[in-house]
**Student:** 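Structure incoming, see below.
Heads up: numbering here begins at 1 and tracks the sequence.
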Amino acid sequence: MPDGSELEIKLAIPEHRLFDLILNDPENLAMMQEQTPVIRAFEAFYYDTSNFLLQKNGYAFRIRHEGQDWVATVKSDLLTSGGLSEREEWNEKVTGPAPASQPFAGTNVGDRLALILGEKKLQLLFSTRFSRTTAQLLTAGGATIEMALDKGTIWSGLAGIPISELELELKEGSPGELLSLAARIAGRWHLLPEIKSKFARGLELLQTSNPDIKAVCNQIIPERKPEPTPMVLLNAQMKELFLLQSDISNATPTPENIKTLRIQFRRLRSLLKFYQPCFVKESFHLYSERLQQWGILLGQIRDLDVLINSWEKFTIRFQSIVSTSTTWLDPVRERREFLAEDVFYRLRQGNLTQLLLEIQGWLYQMEEQQQSGREDHWADNYVQKSFFQTIKELREEVQELRSLEPIKVLHRFRIRVKRLRYLQESFNSYPRYHDEEFCAALKKLQGQIGKIHDAAQIKCLLDQFDAGGENDILRLEKELFISWRTRDLLGYYDELPKAVETFRQSAKQRLRTLAEMRTNRGAKTRQDAGTHEPGK
């Protein structure tokens, strides 16, 4: 962690009664270095130029009243990964709330501020008022962590939103210790991560009360991407899951948000599978199995959604001959709703938060143990070599597929195609690996095999909910429904060779580009080389 930076995790506190419960938790009390937590009141003012030059360049500027002192602070995000945030921070005492960059003239950030601001003046954006209860904790692993509970309000004019959060900041020791502590607290008190800082929430409040500034405020300069290490990519994917969890945990379970959650889980599992050789085998399987349990649950919901949606399309298509009675479908819907509520209950209980924080802690431990023995750019080399091999094996395998393959064979192949697609989408954030055309070919092939699988599975799904004593008309409708889906199945099989050939050609081009990267011949990205021309 660079000098002058902070590493912290924020957890949202949904009820104020939890403040005392967390402070008086026996395990937390046992770690406190001082018996009595410190309570202080803070008032902070956030500033930027009229066109948000600081925010666009990744900086936040505030002046906070701390007791008798006024302290000016500049923060810059280094990394936000999952629930973990790493920021550079500079603090200087000032005489009052009037903003100026001069106090930072002797620091590393002083020249940057001067260059960004020029002659522009800083103006007030919003303010915060809150009380903070802090305690210093010493973990069993020797890490010193500051636990702070904040309760107050963010104000923009007369509009305000509450502050109610737990902040854990690593003062000394391993990030793994910080993540393990956060995971335990989140699991015990059913907490969700607070992904957005006070500054980010203040900006959202400001945009709500002043819609005209939204477009100006959101013109952020693209960040420079670090090397695609397992830590970077896996943490980025866990951040997506954390954000999604915050968005949907209090929503009604719908097919759309269940589908989105399932896809984000699969992305994470695909990355873990790809980087499996980089991890200790035993611990890898422990976390992989726990993620798989979520995947199975979400997959069951997906199958029921397929059955429900297919039947609804069938009844609309043949409404003149099919009865409107769908009594047999009621148990299917009830089962689907039960499973969806179970997923959302687990989200609200903080089960996912705890699991992801534990995975992050494990990743940091792996990084600390293995980093010293690795060469420079090992991650880049690993991606190029392993990604190349994955595509090559899949391309060779697809050539052996016959026109009419058993469903199980196609389904296993589809899973591998899907994993490859999720990997490519993760790598797309790095310009040298970006390839939208290859993603499209993978998606087309995955989708075509998915249609075959869904159509073939209809009878199996129906058999699971086959109620005794059905009348002849209902049995006939079900047989017609299966026949209709079987007709679709034949059409999907007929279209499969075209999707296979598109994938083969795109994979050939992708392999050529990766091979040139590995031999340091300056391969261009697909966008530079042209759609059908390999990089030269």
**Student:** Less than 6.0 angstrom separating the ring centers of Trp362 and Tyr287, yes or no?
**Tutor:**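 That pair passes the under 6.0 Å test.
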**Student:** Around atom NZ of Lys151, are there more than 12 heavy atoms of other residues, nucleotides or ligands at under 6.0 Å?
**Tutor:**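 Counting other residues, nucleotides and ligands, NZ of Lys151 exceeds 12 neighbours.
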**Student:** Quick check: do Val71 and Val94 have side-chain heavy atoms less than 4.5 Å from each other?
**Tutor:**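 Side chain of Val71 against side chain of Val94, heavy atoms only: no contact under 4.5 Å found.
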**Student:** So does Leu268 get a backbone contact from the side chain of Glu240, meaning a donor-acceptor N/O pair under 3.5 Å?
**Tutor:**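 Side chain of Glu240 to backbone of Leu268: no pair is present.
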**Student:** Quick check: closest heavy atoms across Phe126 and Lys198, and the distance to 0.1 Å?
**Tutor:**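 Minimum heavy-atom separation between Phe126 and Lys198: CE1-O, 4.1 Å.
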**Student:** Has Arg421 got a side-chain atom pairing as donor or acceptor with Lys443's backbone, closer than 3.5 angstrom?
**Tutor:**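 No, the answer is negative, given that no donor and acceptor are paired below the 3.5 Å cut-off.
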**Student:** Apply the test side chain to side chain contact (heavy atoms under 4.5 Å, CB included) to residues Ile63 and Trp70: give CA-CA distance (whole Å), side-chain angles for both, the deciding distance (0.1 Å), then the verdict.
**Tutor:** CA-CA 7 Å; Ile63 297 180; Trp70 290 91; 3.7 Å; yes
**Student:** Is the centre of the Trp294 ring less than 6.0 Å from the centre of the Phe265 ring?
**Tutor:**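 Distance test on ring centres: under 6.0 Å, yes.
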**Student:** Is Glu165 close to Leu11 at the side-chain level, that is, under 4.5 Å between some pair of heavy atoms?
**Tutor:**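 Not in contact.
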**Student:** Using every non-hydrogen atom in the two residues, find where Ile13 and Ser164 come nearest and quote the distance to one decimal.
**Tutor:**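 It is O-OG, 2.7 Å.
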**Student:** Looking at CD1 of Ile195 and CD of Gln245, how far apart are the two atoms once the value is rounded to the nearest 0.5 Å?
**Tutor:**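 Reported value, rounded in 0.5 Å steps: 8.0 Å.
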**Student:** How close do Val38 and Arg40 get, counting heavy atoms only, and between which atoms?
**Tutor:**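 What the structure gives for the nearest pair is CG1-CG, 3.8 Å.
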**Student:** Are Gln55 and Asn57 close enough that a side-chain donor and a side-chain acceptor fall under 3.5 Å?
**Tutor:**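 Gln55 vs Asn57: no donor-acceptor pair found between side chains.
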**Student:** Are Glu169 and Lys10 within salt-bridge range, i.e. N to O under 4.0 Å?
**Tutor:**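 Not counted as a salt bridge, because no side-chain N and carboxylate O are separated by less than 4.0 Å.
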**Student:** Using distance alone, with no hydrogens and no angle criterion, decide if Gln360 and Asn235 have a side-chain donor and acceptor under 3.5 Å apart.
**Tutor:**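 On atom types as modelled, these side chains qualify, holding a pair under 3.5 Å.
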**Student:** Nearest 0.5 Å please: distance from the OG atom of Ser429 over to the CG atom of Leu233.
**Tutor:**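 The distance works out to 6.5 Å.
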**Student:** Quick one: does Leu122's side chain get under 4.5 Å of Leu54's, heavy atoms only?
**Tutor:**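 SC-SC contact between Leu122 and Leu54 confirmed.
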**Student:** Check for a donor-acceptor pair, side chain of Asn24 on one end and backbone N or O of Asp20 on the other, with a separation under 3.5 Å.
**Tutor:**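 Yes.
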**Student:** Could you tell me whether the side chains of Glu358 and Ser180 share a donor-acceptor contact shorter than 3.5 Å?
**Tutor:**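 No, no side-chain donor-acceptor pair sits under 3.5 Å.
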**Student:** May I ask you to decide if the ring planes of Phe19 and His16 are parallel, tilted or perpendicular, using 30° and 60° as cut-offs?
**Tutor:**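 Ring orientation of Phe19 relative to His16: perpendicular.
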**Student:** Whether the Thr134 and Glu146 side chains hold a donor-acceptor pair (N or O, under 3.5 Å, no angle test) is what I'd like checked.
**Tutor:**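 There is no such pair (donor and acceptor under 3.5 Å, judged by atom type) between the side chains of Thr134 and Glu146.
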**Student:** Report the C-alpha separation of Ser127 and Glu43 in whole Å, then their side-chain angles, then the decisive distance to 0.1 Å, and conclude whether the side-chain hydrogen bond (donor to acceptor under 3.5 Å, both in side chains) test is met.
**Tutor:** CA-CA 7 Å; Ser127 64; Glu43 184 174 18; 5.5 Å; no
**Student:** A side-chain contact here means heavy atoms from C-beta on lying under 4.5 Å apart; do Ile9 and Leu357 qualify?
**Tutor:**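 A side-chain contact under 4.5 Å exists here.
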**Student:** Is a side-chain donor or acceptor of Asp435 paired with a backbone partner of Gln424 at a separation under 3.5 angstrom?
**Tutor:**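 No; zero donor-acceptor contacts below 3.5 Å.
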**Student:** Fit a plane to each ring of Phe387 and Phe438, take the angle between them on a 0 to 90° scale, and name the class: parallel (under 30°), tilted (30 to 60°) or perpendicular (over 60°).
**Tutor:**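 The rings of Phe387 and Phe438 stand perpendicular, inter-plane angle above 60°.
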**Student:** If we count only N and O atoms by modelled type, under 3.5 Å, do the side chains of Arg267 and Gln237 hold a donor and an acceptor together?
**Tutor:**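 Gln237 and Arg267 do not have a side-chain donor-acceptor pair below 3.5 Å.
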**Student:** Just say parallel, tilted or perpendicular for the rings of Phe61 and Tyr47, cut-offs at 30° and 60°.
**Tutor:**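 Perpendicular, since the angle between the ring planes exceeds 60°.
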**Student:** Mind checking whether Tyr422 and Phe274 have ring centres under 6.0 Å apart?
**Tutor:**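 Ring-ring flag for Tyr422/Phe274: false, centres at least 6.0 Å apart.
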**Student:** Does a salt bridge link Asp48 with Lys120, judged by any charged N lying under 4.0 Å from a carboxylate O?
**Tutor:**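 Salt bridge: no.
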**Student:** Could you go through Met32 and Leu23, starting from their C-alpha distance and side-chain angles, then the distance that decides it, and tell me whether this counts as side chain to side chain contact (heavy atoms under 4.5 Å, CB included)?
**Tutor:** CA-CA 10 Å; Met32 287 186 189; Leu23 278 172; 4.2 Å; yes
**Student:** Under the side chain to side chain contact (heavy atoms under 4.5 Å, CB included) rule, what do Asp25 and Arg188 come out as? Steps first, then yes or no, please.
**Tutor:** CA-CA 10 Å; Asp25 178 278; Arg188 176 164 297 181; 2.7 Å; yes
**Student:** Quick one about Tyr430 and Asp380 (side-chain donor to acceptor, distance below 3.5 Å, no hydrogens or angles considered), yes or no?
**Tutor:**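 Note: Asp380 and Tyr430 side chains miss the donor-acceptor criterion.
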**Student:** Give a yes or no on whether a salt bridge exists between Glu89 and Arg87, defined as a side-chain N under 4.0 angstrom from a carboxylate O.
**Tutor:**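 Between Arg87 and Glu89 there is no salt bridge, as every charged N stays at least 4.0 Å from the carboxylate O atoms.
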**Student:** Decide yes or no for Leu339 and Leu298: does some side-chain heavy atom of the first lie under 4.5 Å from some side-chain heavy atom of the second?
**Tutor:**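 Of all side-chain heavy-atom pairs linking Leu298 with Leu339, none is under 4.5 Å.
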**Student:** Asn257 and Arg262: side-chain donor and acceptor closer than 3.5 Å?
**Tutor:**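 No, no side-chain donor-acceptor pair sits under 3.5 Å.
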**Student:** Any non-hydrogen side-chain atom of Ser76 less than 4.5 Å from a side-chain atom of Val109?
**Tutor:**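 They are not in side-chain contact.
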**Student:** More than 12 heavy atoms of other residues, nucleotides or ligands under 6.0 Å from CD of Glu172: is that the case?
**Tutor:**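 No, CD of Glu172 has 12 or fewer neighbouring heavy atoms, counting only those of other groups under 6.0 Å.
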**Student:** Just by modelled atom types, is the Trp155 backbone N or O under 3.5 Å from a matching donor or acceptor in the Thr153 side chain?
**Tutor:**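 No; zero donor-acceptor contacts below 3.5 Å.
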**Student:** May I have the step-by-step check of side chain to side chain contact (heavy atoms under 4.5 Å, CB included) for Lys239 and Leu243, ending in yes or no?
**Tutor:** CA-CA 6 Å; Lys239 179 183 178 182; Leu243 287 168; 4.2 Å; yes
**Student:** Are the side chain of Ser386 and the backbone N or O of Val383 linked by a donor-acceptor pair below 3.5 Å?
**Tutor:**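 Checked: no pair found.
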**Student:** For Phe284 and Tyr275, I'd like to know if the aromatic rings sit close, meaning centre-to-centre distance below 6.0 Å.
**Tutor:**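 Between Tyr275 and Phe284, which both carry aromatic rings, the centre distance is not below 6.0 Å.
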**Student:** Indicate yes or no: at least one non-hydrogen side-chain atom of Phe242 is less than 4.5 angstrom from one of Thr353.
**Tutor:**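 Counting from C-beta outward, Phe242 and Thr353 do come under 4.5 Å.
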**Student:** For Arg335, does the CZ atom sit with more than 12 other heavy atoms under 6.0 Å from it, leaving out its own atoms?
**Tutor:**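 Not more than 12 within 6.0 Å, no.
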**Student:** Identify the heavy atoms of Gln354 and Ala183 that sit nearest to each other, and give their distance.
**Tutor:**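 Minimum heavy-atom contact is CG-O, 3.3 Å.
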**Student:** How about Arg132 and Ile39: do any of their side-chain heavy atoms sit closer than 4.5 Å?
**Tutor:**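 Contact flag for Arg132/Ile39 side chains = no.
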**Student:** Looking at Arg184 and Glu27, is there a salt bridge between them, counting it only when a charged N and a carboxylate O are closer than 4.0 Å?
**Tutor:**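 Salt bridge between Glu27 and Arg184, a charged N being under 4.0 Å from a carboxylate O: yes.
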**Student:** Can you name the closest pair of heavy atoms from Leu205 and Ala159 and give their distance?
**Tutor:**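 Closest approach of Leu205 to Ala159: CD2-O, 3.7 Å.
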**Student:** May I ask you to decide if Val232's main-chain N or O and Thr229's side chain share a donor-acceptor pair within less than 3.5 Å?
**Tutor:**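 Flag set: sc Thr229 to bb Val232 pair under 3.5 Å.
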